[in-house]
Amino acid sequence: MDLMRAARLHLPSHALTIEDVPRPVPGVGQVLVKVEAAGVCLSDVHLIDGTLTPTYPPGDCVTLGHEVAGTIAELGPEVTGWTAGQRVVLQAGEVRDGRLLTRGVDYDGGWAEYALASVGTLFALPDSIPIEQAAIIPDAVSTPWGAITTTAQVRPAQAVGVWGIGGLGAHGVQLLRAVGACPIIAVDPVPAARRRALDFGADLALDPADPRLREQVLAATGNQGLAAAFDFAGVAAVREQALTVLAPKGRLVLVGLTDKPLTVTDGTRFSYLRHQILGHYGSEENAVAQLVALTEGGRLDFSRSITDVLPLADAAKAVQRLHTKEGDPIRLILRP
């Protein structure tokens, strides 16, 4: 039996261990991918600390990693149109039996030397896109892309706000710039994150503790407020603050995940202004292909997004760095 190294999360104990496990064999309609790069996401941190739990638990253990890029190592039966050695990036999940399952959460992911993938979750990767940058397109880029273009339906020249300029929020700013939102107002308590927001294309970066925040948002938007606000932090205080600066018919889109209650402090104002609160998760099936094409076409650039690349053996160290924000990481990459 061929073995491979994998970072396994033991769900009952929340222990993360590097183990030798059987190398998977691709079945009908599947390929085996040699993982070249796998992203470390804040949701991985929350899976390990128990804040998040799989909706459809795969058992007592799961290999983490939903941001994956690599090369095809082996084709399963009845697979056509793909070749061994081809560079690919993997969708972060798939629908099985009518249920949306997330890679590295509900089934084994890419924090391993090899990962299984259904052919429907494969996207060809042009040589012009570095493998580390490609790996983060599913989720770190595709999730804010879906939130902006599908859930919020942001249009050019609309005023927008982004709360939380981490791995998702930083790309949210960049993508909002790409679709012509204006002005883009970023909000984060960390000075380095605010500087990053400006680097990535925000017009204004504010501290949520600033008592003049609402005044500044109104000044920047012609006294109108925000057409759309995005909570990438998953924090109750963020949601309450964002609701105070929405324009009439404005949308608050909840992207950051939290198990805390959602409250609307002033229900009358909320109804009078016809505000909306929209939940968001993941992205449409065509999002990764769109983003690969935009990147290849020079419209998007993720060269600043990769803070560091670490070996798979340092998975726990990468998780800790993301948790403590050591070095102000946007995205950390594991390379098996």
Participant: Answer yes or no: is there a donor N or O on one side and an acceptor on the other, between the side chain of D2 and the main chain of R23, under 3.5 Å?
Facilitator: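 Not at all, since once roles are kept as given, no pair shorter than 3.5 Å links the two residues.
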
Participant: Within a strict 4.5 Å, meaning less than it, do heavy atoms of the D139 and L168 side chains meet?
Facilitator: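 In contact.
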
Participant: Say whether I72 and L32 are linked into one hydrophobic cluster, either directly or through other cluster members, by side-chain heavy-atom distances under 4.5 angstrom.
Facilitator: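 In one cluster with I72: L32, no.
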
Participant: What are the two closest non-hydrogen atoms of S142 and S283, and how far apart are they?
Facilitator: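 In terms of heavy atoms, the two residues are closest at O-CB, 3.2 Å.
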
Participant: Considering only heavy atoms from C-beta outward, does the side chain of T221 approach that of L226 to under 4.5 Å?
Facilitator: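 A side-chain contact under 4.5 Å exists here.
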
Participant: Does R177 qualify as a cation-pi partner of F200, given the criterion of NZ or CZ under 6.0 Å from the six-membered ring centre and within 45 degrees of its axis?
Facilitator: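 The answer is no, since R177 fails at least one limit relative to F200.
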
Participant: For a 4.5 angstrom cut-off between non-hydrogen side-chain atoms, does L273 reach L246?
Facilitator: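 No, their side chains stay 4.5 Å or more apart.
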
Participant: Kindly check if the number of other-residue, nucleotide or ligand heavy atoms within 6.0 Å of CD (E285) is above 12?
Facilitator: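 Open: at most 12 neighbouring heavy atoms sit under 6.0 Å from CD of E285.
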
Participant: Check for me, please, whether L291 and V162 land in the same ILVMFWY cluster - side-chain distances under 4.5 Å, paths through other members count.
Facilitator: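 Both belong to a single hydrophobic cluster.
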
Participant: Nearest heavy-atom pair of A37 and I131: which atoms, and what distance?
Facilitator: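 In terms of heavy atoms, the two residues are closest at CB-O, 3.8 Å.
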
Participant: Would a 4.5 Å heavy-atom cut-off, applied to side chains only, mark V292 and P126 as touching?
Facilitator: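 Answer yes - side chains close enough.
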
Participant: Could you give the distance from CD1 (I277) to CG (L262), rounded to the nearest 0.5 Å?
Facilitator: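 If we round to the nearest 0.5 Å, I277:CD1 and L262:CG are 4.5 Å apart.
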
Participant: Might you confirm whether atom CG of D207 has over 12 heavy atoms from other residues, nucleotides or ligands at distances under 6.0 Å?
Facilitator: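 Enclosed: over 12 neighbouring heavy atoms sit under 6.0 Å from CG of D207.
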
Participant: Does atom CD of E284 have more than 12 heavy-atom neighbours, drawn from other residues, nucleotides or ligands, at distances under 6.0 Å?
Facilitator: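 At most 12 heavy atoms, drawn from other residues, nucleotides or ligands, come within 6.0 Å of this atom.
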
Participant: Given 3.5 Å as the limit, does a donor-acceptor pair link the side chain of H280 with the main chain of A147, or not?
Facilitator: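 Between the backbone of A147 and the side chain of H280 there is a qualifying donor-acceptor contact (under 3.5 Å).
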
Participant: side-chain contact (heavy atoms from CB on, under 4.5 Å) for I136 and H171? Distances and angles first, verdict last.
Facilitator: CA-CA 10 Å; I136 69 168; H171 293 111; 3.8 Å; yes

Participant: Examine distances only and state if a side-chain atom of R214 and a backbone atom of T244 form a donor-acceptor pair shorter than 3.5 Å.
Facilitator: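 It does hold such a pair.
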
Participant: Does V141 reach the side chain of L175, with side-chain heavy atoms less than 4.5 Å apart?
Facilitator: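 Yes; the side chains approach each other to less than 4.5 Å.
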
Participant: If only atom types and distance count, is the side chain of E67 paired as donor or acceptor with the main-chain N or O of C41 below 3.5 Å?
Facilitator: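 No, E67 side chain to C41 backbone: no donor-acceptor pair under 3.5 Å.
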
Participant: Identify the two heavy atoms, one from S43 and one from H66, that lie closest to each other, and give their separation to 0.1 Å.
Facilitator: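 The pair with the smallest heavy-atom distance is OG-CE1, 3.2 Å.
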
Participant: Tell me whether the count of non-hydrogen atoms from other residues, nucleotides or ligands lying under 6.0 Å of NE2 in H10 goes above 12.
Facilitator: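 Atom NE2 in H10 is packed in, count exceeds 12.
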
Participant: Work out which heavy atom in V187 is nearest to a heavy atom in Q241; give both atom names and the distance.
Facilitator: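 Reported closest heavy-atom pair: CG1-OE1, 4.0 Å.
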
Participant: In Å, rounded to the nearest 0.5 Å, how long is the span from CZ of R304 to CD1 of I330?
Facilitator: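 Rounded to the nearest 0.5 Å, the CZ-CD1 separation comes out at 7.5 Å.
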
Participant: Do the non-hydrogen side-chain atoms of P58 and L11 ever get within less than 4.5 Å of each other?
Facilitator: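 Yes; the side chains approach each other to less than 4.5 Å.
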
Participant: Once rounded to the nearest 0.5 Å, what's the spacing between atom CG of L218 and atom CD of Q224?
Facilitator: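 Rounded to the nearest 0.5 Å, the CG-CD separation comes out at 9.0 Å.
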
Participant: Which of these, I48, L332, L64, sits in a side chain to side chain contact (heavy atoms under 4.5 Å, CB included) with V319?
Facilitator: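 Among the candidates, only I48 passes.
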
Participant: Within the side chain of R194, is there an N or O that forms a donor-acceptor pair under 3.5 Å with the backbone of P189?
Facilitator: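 Here the side-chain-to-backbone pair exists.
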
Participant: Do V190 and I165 have side-chain heavy atoms sitting under 4.5 Å apart?
Facilitator: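 A side-chain contact is absent here, since even the closest heavy-atom pair is not under 4.5 Å.
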
Participant: Nearest heavy-atom pair of Q133 and D301: which atoms, and what distance?
Facilitator: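 Shortest heavy-atom contact: OE1-OD1, 4.4 Å.
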
Participant: Could you tell me whether a side-chain N or O of R99 sits under 3.5 Å from a main-chain N or O of D97, the two making a donor and an acceptor?
Facilitator: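 Looks like no, no N/O pair under 3.5 Å.
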
Participant: For the atom pair CD1 (I333) and CG (L312), what is the distance rounded to the nearest 0.5 Å?
Facilitator: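 That separation rounds to 12.5 Å.
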
Participant: Determine whether L334 and V40 satisfy the following criterion, side-chain contact (heavy atoms from CB on, under 4.5 Å), listing intermediate values before the conclusion.
Facilitator: CA-CA 7 Å; L334 295 176; V40 182; 3.7 Å; yes

Participant: Any chance you could lay out the side-chain contact (heavy atoms from CB on, under 4.5 Å) test for Y281 and L100, step after step, and finish with the verdict?
Facilitator: CA-CA 11 Å; Y281 184 81; L100 176 60; 4.1 Å; yes

Participant: Working to the nearest 0.5 Å, report the span between CG of L278 and CZ of R251.
Facilitator: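 Output value for this atom pair is 8.0 Å.
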
Participant: As a quick check of understanding, evaluate side chain to side chain donor-acceptor pair (under 3.5 Å) for T263 and E240, giving each step before the final call.
Facilitator: CA-CA 7 Å; T263 58; E240 293 181 25; 3.1 Å; yes

Participant: My understanding is that only one of Q30, E94, Q91 makes a side-chain hydrogen bond (donor to acceptor under 3.5 Å, both in side chains) with S118; could you say which?
Facilitator: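 Passing option: E94.
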
Participant: Could you check whether R331 makes a cation-pi contact with F302, meaning its NZ or CZ is under 6.0 Å from the centre of the six-membered ring and within 45° of the ring axis?
Facilitator: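 Judged by the rule, R331 and F302 form no cation-pi pair.
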
Participant: Cut-off 3.5 Å, side chains only: do T307 and R321 have a donor facing an acceptor?
Facilitator: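 Checked: T307/R321 side chains show no N/O donor-acceptor pair below 3.5 Å.
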
Participant: Membership question, hydrophobic clusters at under 4.5 Å side-chain separation (ILVMFWY): are I129 and W145 in the same one?
Facilitator: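 In one cluster with W145: I129, yes.
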
Participant: Between E19 and R8, which heavy-atom pair has the shortest distance, and what is it?
Facilitator: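 Where E19 meets R8 most closely, the heavy atoms are OE2-CB, 3.8 Å.
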
Participant: Out of curiosity, does L176 fall in the hydrophobic cluster containing F232 (side-chain heavy atoms, cut-off under 4.5 Å, transitive links)?
Facilitator: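 Yes, F232 and L176 fall within the same hydrophobic cluster.
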
Participant: Is the closest side-chain heavy-atom distance between M4 and P24 below 4.5 Å?
Facilitator: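 Touching, per the 4.5 Å side-chain cut-off.
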
Participant: Out of curiosity, does L125 fall in the hydrophobic cluster containing Y114 (side-chain heavy atoms, cut-off under 4.5 Å, transitive links)?
Facilitator: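 Looking at the clustering, L125 is in a separate group from Y114.
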
Participant: Counting N and O atoms only, with roles assigned by atom type, does the side chain of W111 sit under 3.5 Å from a partner on the main chain of G39, one being a donor and the other an acceptor?
Facilitator: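 Yes, W111 side chain to G39 backbone: donor-acceptor pair under 3.5 Å.
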
Participant: Answer yes or no: is there a donor N or O on one side and an acceptor on the other, between the side chain of D106 and the main chain of P54, under 3.5 Å?
Facilitator: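 No; zero donor-acceptor contacts below 3.5 Å.
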
Participant: For the atom pair CZ (R239) and OG1 (T265), what is the distance rounded to the nearest 0.5 Å?
Facilitator: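 If we round to the nearest 0.5 Å, R239:CZ and T265:OG1 are 13.0 Å apart.
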
Participant: Might you work through the side-chain contact (heavy atoms from CB on, under 4.5 Å) test for L257 and H46, ending with a clear yes or no?
Facilitator: CA-CA 9 Å; L257 302 178; H46 292 325; over 6 Å; no

Participant: Between the side chain of R103 and the main-chain N/O of A117, is any donor-acceptor distance below 3.5 Å?
Facilitator: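 No, because the side chain of R103 does not come within donor-acceptor range (under 3.5 Å) of the backbone of A117.
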
